[in-house]
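What follows is a set of notes on a single structure, which appears directly below.
Order of appearance sets the numbers: ligands from 1, and atoms from 1 within every ligand. Because only heavy atoms are used, hydrogens play no part in the values below, and waters and symmetry mates are left out as well, while side chains stay in. If you're wondering where the values come from, they're calculated on a predicted model, not measured in any experiment.
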Amino acid sequence: MKKCALLLVVVTVLAFVFGGAAFAADKKIVVGFAQIGAESDWRVANTKSIQDACAEAGIDLRFVDGQQKQENQIKALRDFITQGVDVIGFSPVVESGWDEVIEEINDAGIPLILSDRTTDIKGDDYYVTWMGSNFIEEGRNAGKWLVEYLKKQGRNKEQINIVELQGTVGSGPAIDRQKGFVEVIAENPNLKITQSQTGDFTRDLGRTVMESFLKKGEKIDVLYAHNDDMALGAIQAIKEAGRKPGKDIIIIGIDGVKAAFEAIAAGEYNCTVECNPLLGPQFVDAVKKLAAGETLPKITYSIEGVYDETTAKEALPTRQY
Ligand code: AHR
């Protein structure tokens, strides 16, 4: 009996050290998921995808909506440790300030799966796998689309003023989408970001901040928004100011949600760079592989496209979110 117990301890320790499961596959798997909030259509689709995939796989999902507040997510993570869940899934609202709670998760031996966003903690030992989008590439794709579009319009020598609606301050996508976009426009001296402010990834703030950009009375040629929701809010403000979105002001957003496709089809939106929220099946696959003791890749990037008036209409009927 004693030998059996010892063997079990050794197997468990080895499995954890080599990235395998520390939980039994013969009982219902319990997963805690600390979500950011419900700030955008993207996030709502992401939550549904995770909940549906877990339900289908018979996983006991303990889901917490952090309402875009870091302290709520930290509390949820600590509660998951207390509950002794088998796996923790986590999408951090901002990049910094997680060291302590993640150390607690690691000390408790609970495998951590990062989904969508990451943290600024050095190294990659603290999580087993991360799945999501390459946010820098998304920013680059937005910039590249603009450069090409202006060329086609014969405006590539014109001085172009861009206003930017940033995502949540300190979040991975806000930092990286700005970085990627700026990198591309820096090669084009006629393109200049003249105003930039956060809209926290929400429609309401997108509209309010765009109103204040417009009130300054400066020339605005392009709006670059770090997500579709902010762009859609801004479109409202542009219309209320008596200007034509998509024509007087070029609109570029990120996510590729259905509402953005509809706005493109209506001629009020020019380009959306896709960011795939349907991470549920991948997340569940990772949980199952962990339970089976398999080693997971550290990073899995989603494959994503860029949609504009030439492609959005055709893709609209099959758009899931
Ligand atoms: O982290 C992904 C981003 O978060 C999406 O682009 C945005 O809409 C969401 O709120």
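- Around CD of E183, the count of heavy atoms belonging to other residues, nucleotides or ligands within 6.0 Å exceeds 12.
- The hydrophobic cluster around F261 extends to Y307, L316, counting ILVMFWY residues whose side-chain heavy atoms fall within less than 4.5 Å of a member.
- Look at R319 and E274 and you find a salt bridge, because one of the NZ, NE, NH1 or NH2 atoms lies within 4.0 Å of a carboxylate O, short of that distance.
- Under the side-chain contact (heavy atoms from CB on, under 4.5 Å) criterion, A55 pairs with no residue, sequence neighbours left out.
- A salt bridge links D221 with K219: the distance from a Lys NZ or Arg NE/NH1/NH2 to an Asp or Glu carboxylate oxygen falls below 4.0 Å.
- Annotation for V184: hydrophobic cluster partners, listed by chain and number, are W145, L146, V147, Y149, L150, I160, I162, F181, V182, I185, L191, I193, V222, Y224, I250, I252, I254, V273, V306 (ILVMFWY side-chain heavy atoms under 4.5 Å, direct or chained).
- Contact residues for ligand 1 (protein heavy atom closer than 4.0 angstrom to any ligand atom): E39, S40, W42, R43, D116, R117, F135, P173, R177, F201, N227, D255.
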